[in-house]
Amino acid sequence: MDAVDATVEKLRAQCLSRGASGIQSLARFFRRLDRDGSRALDAGELRRGLAELGLALDKAEAEAVCRRWDRDGSGSLDLEEFLRALRPPMSQAREAVIAAAFAKLDRSGDGVVTVDDLRGAYSGRAHPKVRSGEWTEEDVLRRFLDNFDSSEKDGQVTLAEFRDYYSGVSASVDTDEEFVAMMTSAWRL
């Protein structure tokens, strides 16, 4: 394990020791540190914030953490990037039930879930906004799909995006049994 991984593991342990709200409270904390409203922290802001939490990093370590988790290459760490890094790894049982739910949605079997895939499995006709005429059934299915889509909202959800969504949910569910039961019930697996 390198220094960046060790730093993230320390921070993850600190968050998890605070219970399910640990990562959420850390998100609020980082939003407070984001003084310019950019929704991103540079290495200096990250370093000061972690020091307030009792996790001291030198300048090089803070820069390394930023580089490691900067997915968009912006040179700074947005909150979503950092929070994603803090999520604990999922067990094989959780990964398997997520894959099973995705496979159920991916009716075409092409590895991408689209509105067409959803249309074959779900109906939005009973949605209150469809009934009122405000939305079409297509609008309902698209908005449902957008929950799992990355920030780009391209109308196509990959297994990686679906897994990423559920890794956030997984972080707040204590046991594999509870997570598998929740997924099985929600997706009628």
Side-chain angles (χ1 to χ4, degrees), residues 1 4-28 30 68-72 77-130 135 137-189:
M1 180 181 301
V4 174
D5 289 338
T7 299
V8 171
E9 282 303 318
K10 286 180 198 172
L11 188 53
R12 182 182 291 143
Q14 186 173 1
C15 290
L16 294 176
S17 73
R18 296 177 181 185
S21 65
I23 290 177
Q24 292 170 339
S25 64
L26 187 63
R28 285 190 299 274
F30 278 126
R68 172 76 55 89
W69 302 112
D70 177 18
R71 292 177 123 190
D72 64 6
L77 195 58
D78 73 38
L79 299 176
E80 290 303 314
E81 289 169 330
F82 195 71
L83 293 177
R84 185 176 291 117
L86 289 175
R87 293 176 186 154
M90 290 188 291
S91 69
Q92 286 183 335
R94 292 179 191 221
E95 292 276 359
V97 76
I98 290 168
F102 183 84
K104 181 175 182 178
L105 288 177
D106 182 17
R107 295 176 57 93
S108 65
D110 64 357
V112 177
V113 175
T114 64
V115 168
D116 287 337
D117 288 312
L118 293 180
R119 193 177 293 111
Y122 298 99
S123 170
R125 288 188 300 266
H127 191 283
K129 290 193 176 190
V130 171
W135 289 355
E137 186 174 358
E138 177 98 3
D139 292 333
V140 170
L141 295 174
R142 177 63 188 255
R143 288 172 191 246
F144 176 73
L145 189 64
D146 283 350
N147 288 305
F148 308 103
D149 208 349
S150 67
S151 58
E152 295 172 14
K153 307 289 185 229
D154 61 1
Q156 298 182 344
V157 175
T158 64
L159 177 56
E161 289 171 322
F162 196 71
R163 187 180 295 125
D164 189 50
Y165 173 86
Y166 275 109
S167 73
V169 174
S170 174
S172 65
V173 179
D174 291 332
T175 68
D176 285 351
E177 292 77 18
E178 290 172 307
F179 185 82
V180 169
M182 175 202 66
M183 291 291 292
T184 301
S185 174
W187 293 105
R188 296 184 178 139
L189 300 175

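This one's a predicted model, so the numbers in the text were calculated from it and none came from an experiment. The figures that follow rest on heavy atoms only: side chains count, while hydrogens, waters and symmetry mates do not.
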Flag the pair [X] / [Y] as yes when at least one side-chain heavy-atom distance between them is below 4.5 Å, and no otherwise.
| X | Y | answer |
| --- | --- | --- |
| E138 | R119 | yes |
| Y122 | V140 | no |
| Y166 | V169 | yes |
| V113 | F162 | no |
| D139 | K129 | no |

Atom [atom1] in [X], atom [atom2] in [Y]: separation rounded to 0.5 Å?
| X | Y | atom1 | atom2 | answer |
| --- | --- | --- | --- | --- |
| L159 | D106 | CG | CG | 9.0 Å |
| Y165 | F102 | OH | CZ | 15.0 Å |
| R94 | E177 | CZ | CD | 8.5 Å |
| E161 | N147 | CD | CG | 12.5 Å |
| R163 | S170 | CZ | OG | 12.0 Å |
| E137 | R125 | CD | CZ | 5.5 Å |

Short side-chain to backbone donor-acceptor contact, [X] and [Y], under 3.5 Å:
| X | Y | result |
| --- | --- | --- |
| E81 | R71 | yes |
| D149 | D154 | yes |
| S167 | D164 | yes |

Closest non-hydrogen atom pair between [X] and [Y], with its separation:
| X | Y | result |
| --- | --- | --- |
| A101 | M183 | CB-CE, 3.9 Å |
| L105 | D117 | O-CB, 3.2 Å |
| L118 | L141 | CD1-O, 3.5 Å |

- Message: Is it true that, when you exclude E178 itself, more than 12 heavy atoms of the residues, nucleotides or ligands shown sit nearer than 6.0 Å to its CD?
- Response: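 Yes, CD of E178 has more than 12 neighbouring heavy atoms, counting only those of other groups under 6.0 Å.
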
